Amino acid sequence: MAAALEIKDLHAWYGESHVLHGVDMVVQPGEVVTLLGRNGAGRTTTLRAIMGLTGTRKGSIRVDGHETIGLPTYKIAHFGIGYCPEERGIFASLSAEENLLLPPQLKGTQPGMSVDEIYAMFPNLAERRQSQGTRLSGGEQQMLAVARILRTGARLLLLDEISEGLAPVIVQALARMITTLRAKGYTIVMVEQNFRFAAPLADRFYVMEHGRVVEAFGAAQLEAKMPVLNELLGV
């Protein structure tokens with residue numbers, strides 16, 4: 001079986017700025033993988049490069065065995081990738097339910113989650129379904145941003161700092177969501193600053209520094225790697 005995501009010697013630029021310097025990474029189907037690192041290490045740029053949202057890209061990015069490095073973003077999405085950016089991108093003038101009804105079904109993917117399935121996973125959104133995007137709390141907006149990509153049929157989810165700045169009760173709800181999605185067979189790549197949130201959820205970790213992967217290890221090695229992580233992250 002092909003890896004859900006395989007990145008080899010990935011370089012990426014924003015204009016003249018060379019941000020990624022040969023990233024290598026493999027994510028197997030059904031895994032939850034977390035990218036750790038300080039701000040500016042290249043984690044968000046890695047997610048954006050997977051989606052074709054940076055400037056120049058060189059190297060190889062394979063999704064389910066298909067090379068995507070030369071494709072535009074809209075074609076990359078049709079390989080079943082859902083990207084939830086840090087800024088969320090909720091349509092403020094639409095209700096929560098209208099936001100959920102907007103995304104199209106991706107061709108060639110399994111059917112996306114129904115609105116009822118979304119509401120079962122996120123009861124807060126069911127209660128606020130008629131509320132405008134601007135009236136949702138930060139946590140509800142984050143739930144909506146993730147829920148929206150689940151409607152498309154995407155099975156590989158790229159989640160950028162979904163727990164940032166949110167109340168503990170919302171962070172716990174997002175942790176339950178990730179556990180549920182993993183049980184349903186979704187593959188998840190998370191960028192996270194909140195180590196306490198990410199640590200219990202991930203099957204494997206990649207640590208980035210200066211646009212490169214400097215450590216890679218499984219959940220079973222986490223305790224042994226804590227001295228290294230303390231040094232690299234200051235966690």
Side-chain angles (χ1 to χ4, degrees), residues 4 27 29-37 39 43-44 47 80-103 110-206 219 222 233 235:
V27 183
E31 274 195 315
V32 176
V33 168
T34 295
L35 304 187
L36 300 171
N39 286 336
R43 300 166 304 145
T44 292
L47 297 191
I81 307 179
Y83 175 46
C84 184
E86 194 176 355
E87 58 272 17
R88 299 172 189 154
I90 299 301
F91 289 96
S93 62
L94 301 181
S95 71
E97 188 155 289
E98 286 169 336
N99 268 277
L100 283 178
L101 293 173
L102 268 181
Q110 298 177 25
M113 282 192 187
S114 68
V115 172
D116 288 340
E117 287 176 299
I118 295 290
Y119 287 153
M121 187 181 289
F122 298 107
N124 302 52
L125 292 183
E127 293 169 15
R128 304 298 304 277
R129 66 178 73 190
Q130 299 306 326
S131 298
Q132 269 192 318
T134 47
R135 305 225 170 154
L136 300 177
S137 70
E140 288 163 346
Q141 287 185 26
Q142 188 62 75
M143 290 176 180
L144 182 57
V146 177
R148 195 170 51 181
I149 61 177
L150 295 174
R151 291 273 298 132
T152 66
R155 302 292 293 181
L156 169 58
L157 309 180
L158 310 178
L159 309 179
D160 194 358
E161 298 279 19
I162 63 169
S163 73
E164 185 176 29
L166 301 182
V169 65
I170 299 294
V171 174
Q172 289 165 10
L174 292 171
R176 287 194 297 272
M177 170 204 77
I178 288 169
T179 303
T180 301
L181 292 174
R182 180 212 264 133
K184 291 176 179 287
Y186 285 82
T187 305
I188 299 172
V189 180
M190 298 192 298
V191 164
E192 264 304 328
Q193 203 69 28
N194 184 344
F195 184 74
R196 288 182 181 85
F197 169 71
L201 298 171
D203 298 301
R204 290 189 304 110
F205 301 86
Y206 286 94
L222 181 57
L233 309 175
V235 294

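Worth saying up front: this structure is predicted, and the values here are computed from it rather than measured.
Distance check, rounded to the nearest 0.5 Å: CG of Leu150 to CE of Met113 gives 5.0 Å. Going from atom CG of Leu144 over to atom CZ of Phe91 covers 10.5 Å, rounded to the nearest 0.5 Å. Atom CD1 of Ile178 and atom OH of Tyr186 lie 13.5 Å apart (nearest 0.5 Å). Atom-to-atom distance recorded for Phe122:CZ and Thr180:OG1 is 8.5 Å, nearest 0.5 angstrom. Here the straight-line distance linking atom CD of Glu161 with atom CD of Glu87 works out to 11.5 Å at 0.5 Å rounding. To the nearest 0.5 angstrom, Leu47 atom CG is 11.0 Å from Met190 atom CE.
For the pair Met177 and Ile188, the minimum side-chain heavy-atom distance is 4.5 Å or more. The shortest distance between side-chain heavy atoms of Tyr206 and Val189 does not fall below 4.5 Å. Under the 4.5 Å side-chain criterion, counting only non-hydrogen atoms from C-beta, Met121 is in contact with Leu181. The shortest distance between side-chain heavy atoms of Asn39 and Gln193 falls below 4.5 Å. Looking at heavy atoms from C-beta onward, Glu164 lies out of side-chain contact with Gln142 at the 4.5 angstrom threshold. A 4.5 Å side-chain heavy-atom check between Val32 and Thr179 finds every atom pair outside the cut-off. No side-chain heavy atom of Phe205 sits less than 4.5 Å from a side-chain heavy atom of Glu192. Inter-residue side-chain proximity for Arg128 and Arg135 is flagged as met; some heavy-atom pair is nearer than 4.5 Å.
Residues Asn194 and Ser163 share a closest heavy-atom pair of CB-OG, 3.4 Å. The two residues Gly30 and Thr187 come nearest to each other via the heavy atoms N-OG1, 2.8 Å. Of all heavy-atom pairs between Ile162 and Leu159, the closest is CG2-CB, 3.7 Å. Taking every heavy atom of both residues into account, Pro103 and Asn99 meet most closely at CD-O, 3.3 Å. Counting all heavy atoms, side chain and backbone alike, Ala147 lies closest to Leu125 at CB-CD1, 4.0 Å. Here the shortest heavy-atom pairing between Ala175 and Leu201 reads O-CD2, 3.7 Å.
Of the residues Ile149, Leu156, Leu157, the one that meets the side chain to side chain contact (heavy atoms under 4.5 Å, CB included) test with Ile81 is Leu156.
Checking side-chain atoms of Arg151 against main-chain N and O of Leu100 turns up a donor-acceptor pair under 3.5 Å. With hydrogens and angles disregarded, a donor-acceptor distance shorter than 3.5 Å links the side chain of Arg129 to the backbone of Ala126. A donor-acceptor pair under 3.5 Å is formed between the side chain of Arg148 and the backbone N or O of Gly89.
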>> Between Arg196 and Val171, is the side chain to side chain contact (heavy atoms under 4.5 Å, CB included) condition met? List the steps.
In response: CA-CA 10 Å; Arg196 288 182 181 85; Val171 174; over 6 Å; no
>> Run Leu136 and Met143 through side chain to side chain contact (heavy atoms under 4.5 Å, CB included) and show every step you take.
In response: CA-CA 10 Å; Leu136 300 177; Met143 290 176 180; over 6 Å; no
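In this structure Asp160 satisfies the side-chain hydrogen bond (donor to acceptor under 3.5 Å, both in side chains) test together with Thr44, sequence neighbours excluded.
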